[in-house]
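Notes follow the structure.
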There are 2 protein chains.
Amino acid sequence: MISTDLIKGSLKTIVLKLLKENGRMYGYEITRKVEELTAGQIKLTYGALYPILHKLEYEGVLVTESENYNNRIRVYYSLTDKGESVVAEKVKEMRQFIESLQNIVNPQPGFNHA
Amino acid sequence: MISTDLIKGSLKTIVLKLLKENGRMYGYEITRKVEELTAGQIKLTYGALYPILHKLEYEGVLVTESENYNNRIRVYYSLTDKGESVVAEKVKEMRQFIESLQNIVNPQPGFNHA
DNA sequence: TTCATATATTTAAGTAACTTATATATTGCA
DNA sequence: TGCAATATATAAGTTACTTAAATATATGAA
């Protein structure tokens with residue numbers, strides 16, 4: 001598992017990107033998918049996930065549909081139009097972030113300002 | 001500028017990796033180097049940097065040498081032996097983190113579990 | 001049948017890595 | 001003379017999380 005400090009700020013972007021790729025998803029499904037995609041390196045706790053989803057819904061980024069499955073409630077989330085543009089921004093920002101981190105952990109050996 | 005939420009947890013690793021690459025550095029120099037390497041995308045504030053350096057010194061990860069330059073004090077930091085192994089772990093963890101993020105922002109199109 | 005595990009969502013309380021603000025002091029350029 | 005750059009330090013505040021506790025059904029193993 002990667003330290004939670006490192007992962008912290010990226011959870012919202014991860015959730016939004018998964019919803020973009022997979023259409024609608026419910027909370028539990030999202031945590032499973034994150035584990036799968038990251039080979040268990042990133043785990044989304046429920047205490048983090050559900051407040052994020054509720055907040056994004058409140059902000060108009062997501063909408064919900066509640067359905068009954070095996071006598072259990074499932075709350076499906078999907079992106080609004082606003083959500084689509086929020087994801088685009090967030091993913092762009094994350095790509096820049098990754099690039100910046102790579103410049104630090106894999107520095108160009110010859111690159112040196114006098 | 002990348003949002004501070006995204007950057008937060010990675011500052012310590014960034015500082016340590018820069019010290020590994022550049023030998024000894026002083027605080028102000030570190031903030032400049034981070035800006036340079038990330039094309040201004042990541043800025044280390046002094047309120048973040050100095051407490052990180054002090055804590056790492058206290059933990060025996062870094063040692064200091066204070067020197068006088070132009071009547072200004074410069075506090076140079078460098079890695080201890082312990083620091084060298086801490087950096088190795090932290091950088092390894094960050095590479096895994098980057099890989100996990102890439103699996104999310106650049107998913108394999110054909111990859112789908114039934 | 002009974003117990004653990006997986007499924008599924010919710011929210012309150014606590015932590016800590018930061019940001020923001022403030023303080024101090026010198027150099028150098030316009 | 002006055003601002004920007006250089007250089008370090010720390011107190012106070014924010015907030016995105018973690019941890020913990022609550023609730024409830026389905027399913028397979030013992």
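As the structure is a prediction and not an experimental result, all values here were calculated from the model. Proteins get letters first, then strands, A, B, ... in listed order; numbering begins at 1 in each.
D:dA9 atom P lies 9 Å from atom CG of B:Leu53, rounded to whole Å. B:Glu29 places its CD atom 12 Å from the C1' atom of D:dA7, with the value rounded to the nearest Å. Atom CE in B:Met25 sits about 15 Å away from atom C1' in D:dT6, given to the nearest Å. Separating the NZ atom of A:Lys43 from the C1' atom of D:dT19 is a distance of 16 Å, rounded to the nearest angstrom. One interatomic measurement links the two molecules: CG of B:Leu49 to P of D:dT10, which rounds to 13 Å at whole-angstrom precision. Atom CG in A:Leu6 sits about 16 Å away from atom C1' in D:dT18, given to the nearest Å. In this structure, B:Ile73 atom CD1 and D:dT6 atom C1' are separated by 13 Å, rounded to whole Å. One can place OH of B:Tyr77 at 14 Å from P of D:dA7, the figure rounded to the nearest angstrom.
With C:dG28, D:dA5, C:dT9 as the choices, the nucleotide that has an atom nearest any side-chain atom of A:Tyr46 turns out to be C:dT9.
Heavy atoms of A:Leu11 sit under 4.0 angstrom from primed sugar atoms or phosphate atoms, though from no base atom. The residue A:Ser10 sits close only to the backbone: its heavy atoms come under 4.0 Å of sugar-phosphate atoms, none of a base. If you check every strand for non-hydrogen atoms under 4.0 Å, A:Tyr26 touches sugar and phosphate atoms only. Backbone-only contact: B:Thr4 has heavy atoms under 4.0 Å from sugar-phosphate atoms and none from a base. Residue contacts for B:Gly27: at a heavy-atom cut-off of 4.0 Å it reaches the sugar-phosphate backbone alone, with no base atom in range. At the heavy-atom level, B:Lys55 lies under 4.0 Å from the strands shown only through sugar-phosphate atoms. Nucleic acid contact class of B:Arg72 (heavy atoms, under 4.0 Å, all strands): base. Backbone-only contact: A:Ile52 has heavy atoms under 4.0 Å from sugar-phosphate atoms and none from a base.
Ring planes of A:Tyr77 and A:His54: tilted class, angle from 30 to 60°.
Ionic pairing of A:Glu36 and A:Arg32 is not present here: no N-O contact between side-chain nitrogen and carboxylate oxygen is shorter than 4.0 angstrom.
A:Leu53 places a side-chain heavy atom less than 4.5 Å from the side chain of A:Ile30. Looking at heavy atoms from C-beta onward, A:Ser66 lies out of side-chain contact with A:Arg74 at the 4.5 angstrom threshold.
A side-chain donor-acceptor contact under 3.5 Å links A:Glu57 and A:Thr64.
One distance of note links CD1 of A:Ile14 with CD1 of A:Ile52; it measures 9.0 Å at 0.5 Å rounding.
Comparing A:Leu44 and B:Tyr69 by the nucleotide of DNA chain D that holds the closest heavy atom to each, the one mapping nearer the 5' end is B:Tyr69. Comparing A:Pro51 and A:Asp5, the nucleotide of DNA chain C nearest to each residue sits closer to the 5' end for A:Pro51.
Listed pair A:Arg32 / C:dA6 fails the phosphate criterion, with no side-chain N or O lying under 4.0 Å from OP1 or OP2. Distances shorter than 4.0 Å separate none of the side-chain N or O atoms of A:Asn71 from OP1 or OP2 on D:dA24. Not one side-chain nitrogen or oxygen of A:His54 sits closer than 4.0 Å to the OP1 or OP2 atom of C:dT9. Taking side-chain N and O atoms only, B:Tyr50 has no distance below 4.0 Å to OP1 or OP2 of D:dA9. Considering only side-chain N and O atoms, B:Tyr28 lies under 4.0 angstrom from the phosphate OP1 or OP2 of D:dT6.
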